[in-house]
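Presented below is the structure to which this report refers.
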Amino acid sequence: MTWSETLRTALEAIRTRRMRSALTVLGILIGIGAVMLTVGLGQGAQQEVADQIDKLGSNLLIVSPGSSTSLSGVRGGRGSATTLTATDATTLADPEVAPDISGVAPVSTTQASLTANGTNWTTNVIGTTAQWPDVRARTLESGRFFTEDELVSAQAEVVLGATTAEELFGVEDPVGSSVTIGSQPFTVIGVLASVGSTVGGDEDDQAVVPSTTFATSVSPDTGTSIGTIYLEAQDGESLSAAYQEATNALLTAHGVTASDADFSVSSQESIVETATSTTRTLTVLLGGIAAISLLVGGIGVMNIMLVSVTERVREIGLRKALGATPRVILRQFLTEASLLGLTGGTLGLLLGVAGAAVLPALLDQPVTVSAAAAVLALGISLLIGVVAGVYPASRAARLSPIDALRNE
Amino acid sequence: MSAEQLGPAAILELVGIGKTYRSGILEVEALRGVDLRVDEGEFVSTMGPSGSGKSTLMHIIGCLDIPTVGQYLLAGEDVSAMTEAQLADVRNRRIGFVFQQFNLLPALSAWRNVELPLVYAGVPRAERRRRAVSALERVGLAERVDHRPSELSGGQQQRVSVARALVTDPQLILADEPTGNLDSVATADVLALFDDLHDQGRTIVLITHEHDVAERAGRTVHMHDGRLLDAAPMGAR
Ligand SMILES: Nc1ncnc2c1ncn2[C@@H]1O[C@H](COP(=O)(O)OP(=O)(O)OP(=O)(O)O)[C@@H](O)[C@H]1O
Ligand SMILES: [Mg+2]
């Protein structure tokens, strides 16, 4: 019996049992579609977090004040101490000390109230150096950032985040206008381009001033201590070297050994790791639920196929009596089951792809459809069809023709 | 050698065939040592009370079931030594089986039912159609080629199954109560077909409960309780 003959027979059998075939295909379709969408949703969330972290800047290292051990032996939590100073930033910026570090941006942060034209807005004010836009990969929407000279001379200049600018000035361009921070008047010299929110919070709602001005006028209590130092490595390859240099330089500067370091240096990668591990858990959970639904759907499909084959044991007996070998019988059912499985799988795949196109608009969540998930889904649907259809058929094909014919 | 050349060759030869059905602890001995020889071109009818083992014997002759003990030679070949695939081939090429229950596939039209054995014989589609239609013509169903079994009378359905049995041109036609479900007119039609086939030199073994049907055969064997009562060869009666 040729393959085309087998295919014809299988198609005929599928057509004869239209309703049952449709239900089988539907079961597989929904299962596969659900798996693809849930996994896609999880992967999309993961991708989104990774993208957000990318916005922090490229080849970024973050130096945070670490736990310092006080004389009484009480260890503060990470970030609780204010162990980083402007001198540390200067040390790290020295190309002799750290040749692989291309940019240093020490950042001090405080909450302050900004006033312009009688409008009041409380936001994060950060004091930093002129390299900040490079290190943090920020661009300006309008105006400019402050220069090294302006930093040294402690100019009362401020660069506003997009949200902050809008809150204070509406649609007007604030460049050149005056803003009062605390009681000190500042001139707005630029507005940052919007980046949306990142894992670090709303990066569009902030006011950036020179660190010198910050220390004298905005937050005198903070003094020269610094919240975080952002470092930019020359390129991806020198990231490890930059990490080493920064760690060693700071250990030397603080006169401590690695075991009781009062700071920590983390890479963007490690932040990505932490952040994505949460979304990965989500993906696994969603995928698990989807897999269970696929399993349940698969069992439903198996049930339909089992009944369908059992009903046809007499047919199998007759075909054997007329000269069909067990192999031919098996091939017929294999073809039939594969056709149903593949049809369901392909339609489920299309459902997944269509859903991935439509869902982001509805849920405001990205959905990633990976080729691996698609191939896996097709494989599973084929497997369901084959196991469900061929197993009972192979049992029936082994019966003697007369036993099969006598089957009720 | 010379003795065999004088008489007709045996198409089937059963020696000490026994069949025991086992269901749980219950054992039913359906056949107890059946010896039977049928020569080429013979028309043998089988009679016997219900439950005497006629159908069981017929299924073994048709290679639809295997005996528990005994030897069965079909056209000189030992059936018990054959593989599943060889058995399928024997059923396909050598034997045409007419079932009491017709056993037609309800989804297929008459000619599609008739062509089935040819599908498994690997005959191309166009030739299958031609041969199936001519087989249906022979049983007088030229007008019903595209009808489904549910659109045919019992007699017509049985004639479709006879057409299916003869479409491969087999040496041996086996029929298990082919007229059991038919009225007298349909019975006469079907029996005339068997006479026809016999006249063309085919070997026919037929089971029946009716004496007038049995009388058409050249020889009648009687079964009782799993045994053949008189397996006397043709002419010895
Ligand atoms: N599959 C089976 N399992 C158990 N016993 C069976 C089976 N098939 C037949 N038998 C038994 O074997 C015996 C012979 O049955 P068989 O069908 O050959 O009788 P028969 O002569 O054809 O009868 P009938 O004229 O009623 O068709 C019966 O006693 C029957 O109950
Ligand atoms: Mg019977």
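Here is how names work: the chains are called A, B, and so on, in the same order as the sequence lines, proteins then strands, and each is numbered from 1. These numbers come from the heavy atoms of this one structure, side chains and all, not from hydrogens, waters or symmetry mates.
Interface remark: A:Arg319 contributes backbone and side-chain atoms alike to the contact with chain B (heavy atom separation under 4.5 Å). Using a 4.5 Å cut-off between heavy atoms, A:Arg15 makes no contact with chain B at all. Contacts of B:Arg93 with chain A are absent, with no heavy-atom separation under 4.5 Å from either backbone or side chain. Contact annotation for B:Ile95: neither backbone nor side-chain heavy atoms come within less than 4.5 Å of a heavy atom of chain A. For A:Glu315, the parts lying under 4.5 angstrom from a heavy atom of chain B are both the backbone and the side chain. B:Arg128 touches chain A through its side chain: at least one heavy atom from C-beta onward sits under 4.5 Å away, while N, CA, C and O do not. Only the side chain of A:Arg406 comes within contact range of chain B, with heavy atoms under 4.5 Å apart.
In summary, of the residues considered (B:Val79, B:Leu73, B:Leu57, B:Asp35), a side-chain contact (heavy atoms from CB on, under 4.5 Å) with B:Leu14 occurs for B:Leu57 alone.
Side chains of A:Arg314 and B:Asn103: a donor-acceptor N/O pair is present below 3.5 angstrom, by distance only.
Nearest heavy-atom pair, B:Gln86 versus B:Ala81, reported as atom, atom and distance to 0.1 Å: OE1-O, 4.3 Å.
Taking the ring axis of B:Trp111 as reference, the NZ or CZ atom of B:Arg144 does not stay both within 45° of it and closer than 6.0 Å to the ring centre.
B:Arg125 CZ: more than 12 foreign heavy atoms inside a 6.0 Å radius. No more than 12 heavy atoms of other residues, nucleotides or ligands lie within 6.0 Å of CZ in A:Arg327, so this atom counts as exposed by the packing criterion. Shown here is B:Ile66, whose CD1 atom has no more than 12 heavy atoms of other residues, nucleotides or ligands within 6.0 Å.
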Could you walk me through whether B:Arg32 and B:Glu29 pass the salt bridge (Lys or Arg N to Asp or Glu O under 4.0 Å) test, one step at a time?
CA-CA 7 Å; B:Arg32 315 162 191 252; B:Glu29 260 190 286; 3.6 Å; yes

B:Arg202/B:Asp169 under salt bridge (Lys or Arg N to Asp or Glu O under 4.0 Å): CA gap, chis, key distance, verdict:
CA-CA 9 Å; B:Arg202 259 173 272 251; B:Asp169 229 353; 2.4 Å; yes

Between B:Ser161 and B:Gln158, does a side-chain hydrogen bond (donor to acceptor under 3.5 Å, both in side chains) hold up when you go through it step by step?
CA-CA 5 Å; B:Ser161 76; B:Gln158 191 59 296; 2.4 Å; yes

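Comment: B:Asp146 engages B:Arg129 in a salt bridge, judged by a side-chain N to carboxylate O separation of less than 4.0 angstrom.
By number of non-hydrogen pairs under 4.5 angstrom with chain A, the leading residue of B:Leu105, B:Thr168, B:Leu116 is B:Leu105. The most heavy-atom pairs under 4.5 Å with chain A, out of B:Ser55, B:Pro117, B:Ala107, B:Cys63, come from B:Pro117. The choice from A:Leu318, A:Thr325, A:Val328 that makes the most heavy-atom pairs within less than 4.5 Å of chain B is A:Leu318.
Contacts with chain B (heavy atom to heavy atom, under 4.5 Å) involve no residue of residues 333-354 of chain A.
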